[in-house]
Amino acid sequence: MPELPEVEIVRKDLERDVVGRKVKDVTVKLPRIIRRHKTRKEFTDRLAGRKITKIERRGKYILLGLDSDDVLVMHLGMSGHVERATGRKAPDKHTHVIIKFVTGGELRFVDMRQFGELFVSARDALDGVKELQHIAIDPLEDSFTWQYFSGLLVGRQVKLKTLLMDQKFISGIGNIYSDEILWASGLRHDRLSDSLTSQEVRRLYRAIQEVLQDGIRHRGVTLEDETYKDLYGVAGSMQDHLKAYGREGQPCRRCRTPIVRERWSNRSTYFCPQCQV
DNA sequence: GTTTAACCCTGCACGC
DNA sequence: TGCGTGCAGGGTTAAA
């Protein structure tokens, strides 16, 4: 389930591995993945012969800058990942788009559940893309200060988990990391944002940064379904360090109370009923 | 402004 | 063993 840390790992891997490479040709095996384009050709023609110049991230979106002033936008959805491969190894059945490079080797977009997508946009038209224009501040940016964060909370009365997962509020946090952040800050998912003391706001702010950085340090969460892997097919290890998510019935690492799983907004939410208040 | 539900799709568990 | 059914899973958006 790629969230900010997983997407950031992919961004870093791509930055090291594909910047400077020139695209030879592109194969789209499943048009659904490029659903914003009317035809395959409209997509592939804008990539063929182009050199990749830089890799950026906006929330959970990855932006591959091209030397044509176009940008290849990538969203991993729920089960997507990107892998570097040689043409020798046959692509598995969930490989939907293959980008071949002039220097050999290729980039494969793999996504079992097909919620991910790729599209090409002119760089100066990016701000007009609905999903990108509303993306809020990145919690790992320098400008995400404690003052800024507490300012965001002013006048809002929303449950904390809803707020954390709201990409218009802060970008990059999904179901797994929101549970971890709330556990780390000792706050319940259904606490209302305007009920926090300034000490609790500070704890939440710290937890957001620490948990996300931890996720990056451990190269992301790879669950049993193994849908997320880095560019080289290597699994992350953050799943071994989770304190709440996926630990239903297991003792809380702080107070030994069994972790509870609750159905919340059509999602699983894991928390400690004792030490998260 | 906030909450809820539905949708996207595949794999898997379950019952017959 | 094989088939059909139902549901989990995350992000987004439309509707309430």
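Atom set for the values below is all heavy atoms of this structure, side chains included, hydrogens, waters and symmetry mates excluded.
Around atom NZ of Lys24(A), no more than 12 heavy atoms belonging to other residues, nucleotides or ligands sit under 6.0 Å away.
Helix-axis bend for the helix from dT2(B)-dA16(C) to dC16(B)-dG2(C): the local axis fitted to the five terminal pairs at one end deviates from that at the other end by 50°, rounded to 10°.
Residue His94(A) places no side-chain N or O under 4.0 Å from the OP1 or OP2 atom of dC9(B). Applying the 4.0 Å criterion to OP1 and OP2 of dC9(B), one finds that Arg32(A) has a side-chain N or O inside that range. The phosphate of dT12(C) has OP1 or OP2 within less than 4.0 Å of a side-chain N or O from Tyr61(A).
Taking the six-membered ring where tryptophan is involved, the planes of Tyr61(A) and His75(A) are tilted, since the angle between them lies from 30° to 60°.
When rounded to the nearest whole Å, the span between CZ of Arg35(A) and P of dT12(C) equals 12 Å. Residue Leu160(A) contributes atom CG, which lies 11 Å from atom P of dT3(B) at whole-angstrom precision. The separation between Leu164(A) atom CG and dT3(B) atom P is 13 Å, rounded to whole Å. Atom pair Lys93(A):NZ and dC9(B):P shows a separation of 16 Å (rounding to whole Å applied).
Of the candidates dG10(C), dG11(B), dT3(B), dT3(B) carries the atom nearest the Lys159(A) side chain, counting heavy atoms from C-beta on. Closest to the side chain of Gln114(A), out of dC9(B), dG11(B), dT3(B), is dC9(B). Candidate nucleotides dT2(B), dG10(C), dT12(C) were compared by shortest atom distance to the side chain of Ile176(A), and dG10(C) ranks first.
Judged by the 6.0 Å and 45° rule, Arg206(A) forms no cation-pi pair with Trp146(A).
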Hey, what are the protein-to-nucleotides 13-16 of chain C N/O distances that come in under 3.5 Å?
residue : atom : partner   : partner atom : Å
dT13(C) : OP1  : Glu131(A) : OE2          : 3.1

Using a cut-off of under 3.5 Å, enumerate the N/O to N/O pairs linking the protein to nucleotides 6-9 of chain C.
residue : atom : partner   : partner atom : Å
dG9(C)  : OP1  : Arg261(A) : NH2          : 3.2
dG9(C)  : OP2  : Arg261(A) : NH2          : 2.6
dG9(C)  : OP2  : Ser268(A) : OG           : 3.0
dG9(C)  : N2   : Arg113(A) : NE           : 2.4

Worked check of ring-ring contact (aromatic ring centres under 6.0 Å, His included) between His96(A) and Phe109(A): CA-CA 6 Å; His96(A) 307 310; Phe109(A) 184 81; 7.2 Å; no
